[in-house]
Amino acid sequence: PIFMCLEHWLEDADNEGRGLTTSQLFQELGNISETYSIGLPYQSARSFGRQMVQIRSNLEQYFKINISRGGNKTAYAFWIKEEAKDEMGG
């Protein structure tokens, strides 16, 4: 579900490279999941963040990911890889 939400979220070009904390990303992808009836199964930003760590290598097949950490917060920025754009129909 995270991949599908990210794919829809990145359809808005303004989101490419936009840095968001885990909780901000959780909120925005939660909105996307409701809009597209995807069903993001995480109850909190914390559980979402744990899942992001686990699936990072899978996501990196399609997205360039920049992760920065400051204090107790992690921020993510995503770009669709050029080679993945063809596979995703972009």
Side-chain angles (χ1 to χ4, degrees):
I2 291 175
F3 174 84
M4 289 184 286
C5 288
L6 279 170
E7 193 174 16
H8 286 296
W9 185 72
L10 287 168
E11 287 173 359
D12 179 347
D14 291 340
N15 287 330
E16 274 203 280
R18 184 173 152 227
L20 296 174
T21 64
T22 303
S23 60
Q24 291 169 323
L25 186 62
F26 173 67
Q27 180 70 44
E28 294 209 9
L29 294 188
N31 293 339
I32 291 284
S33 77
E34 288 178 21
T35 300
Y36 292 94
S37 301
I38 294 171
L40 205 58
Y42 309 102
Q43 301 302 313
S44 68
R46 182 172 295 217
S47 62
F48 170 77
R50 282 194 291 266
Q51 184 65 19
M52 287 293 291
V53 169
Q54 292 178 357
I55 66 170
R56 177 181 172 186
S57 62
N58 291 345
L59 292 176
E60 285 178 330
Q61 293 176 35
Y62 299 94
F63 305 109
K64 177 184 179 291
I65 305 172
N66 182 45
I67 299 173
S68 56
R69 292 179 177 82
N72 63 347
K73 293 187 186 262
T74 301
Y76 293 89
F78 295 88
W79 295 262
I80 298 173
K81 288 185 173 181
E82 285 302 318
E83 59 273 19
K85 285 183 181 179
D86 295 334
E87 292 177 30
M88 293 190 282

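Just so you know, these numbers use all the heavy atoms, side chains as well, and skip hydrogens, waters and symmetry mates.
Residue pairs meeting the side chain to side chain donor-acceptor pair (under 3.5 Å) criterion with at least one member in residues 50-60, sequence neighbours excluded, are Arg56-Glu60. For residues 37-46, no pair satisfies salt bridge (charged side-chain N to carboxylate O under 4.0 Å, His left out), with sequence neighbours left out.
Nearest heavy atom pair, residue Tyr76 against residue Gly49, reads OH-O, 4.4 Å.
For Ser68, the side chain to side chain donor-acceptor pair (under 3.5 Å) test picks out no residue, with sequence neighbours left out. Residues satisfying the side chain to side chain donor-acceptor pair (under 3.5 Å) criterion with Gln61, sequence neighbours excluded, are absent altogether. Applying the side chain to side chain contact (heavy atoms under 4.5 Å, CB included) criterion to Pro41, with sequence neighbours excluded, gives Pro1.
Linking Ile, Leu, Val, Met, Phe, Trp and Tyr whenever their side-chain heavy atoms come within less than 4.5 Å puts Phe48 and Ile38 in one cluster.
Of the inter-residue distances, the one linking Glu16 atom CD with Lys64 atom NZ reads 10.5 Å to the nearest 0.5 angstrom.
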Give the C-alpha distance, both sets of side-chain angles, the deciding distance and a yes or no for side-chain contact (heavy atoms from CB on, under 4.5 Å) between Leu59 and Phe3.
CA-CA 7 Å; Leu59 292 176; Phe3 174 84; 4.2 Å; yes
Using a 3.5 Å cut-off and no angle test, enumerate the donor-acceptor pairs between side-chain atoms of residues 18-26 and protein atoms at least two apart in sequence or in another chain.
residue: Arg18; atom: NH1; partner: Asn15; partner atom: OD1; Å: 2.7
residue: Arg18; atom: NH1; partner: Glu28; partner atom: OE1; Å: 3.1
residue: Arg18; atom: NH1; partner: Glu28; partner atom: OE2; Å: 3.4
residue: Arg18; atom: NH2; partner: Glu28; partner atom: OE2; Å: 2.6
residue: Thr21; atom: OG1; partner: Ser23; partner atom: OG; Å: 3.3
residue: Thr21; atom: OG1; partner: Gln24; partner atom: N; Å: 3.2
residue: Thr21; atom: OG1; partner: Gln24; partner atom: OE1; Å: 3.3
residue: Thr22; atom: OG1; partner: Thr74; partner atom: O; Å: 3.3
residue: Gln24; atom: OE1; partner: Thr21; partner atom: N; Å: 2.8

Using a 3.5 Å cut-off and no angle test, enumerate the donor-acceptor pairs between side-chain atoms of residues 30-37 and protein atoms at least two apart in sequence or in another chain.
residue: Ser33; atom: OG; partner: Gly30; partner atom: O; Å: 2.8
residue: Thr35; atom: OG1; partner: Asn31; partner atom: O; Å: 3.0

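Aromatic ring orientation, Phe63 versus Phe78: perpendicular (interplanar angle above 60°, classes split at 30° and 60°).
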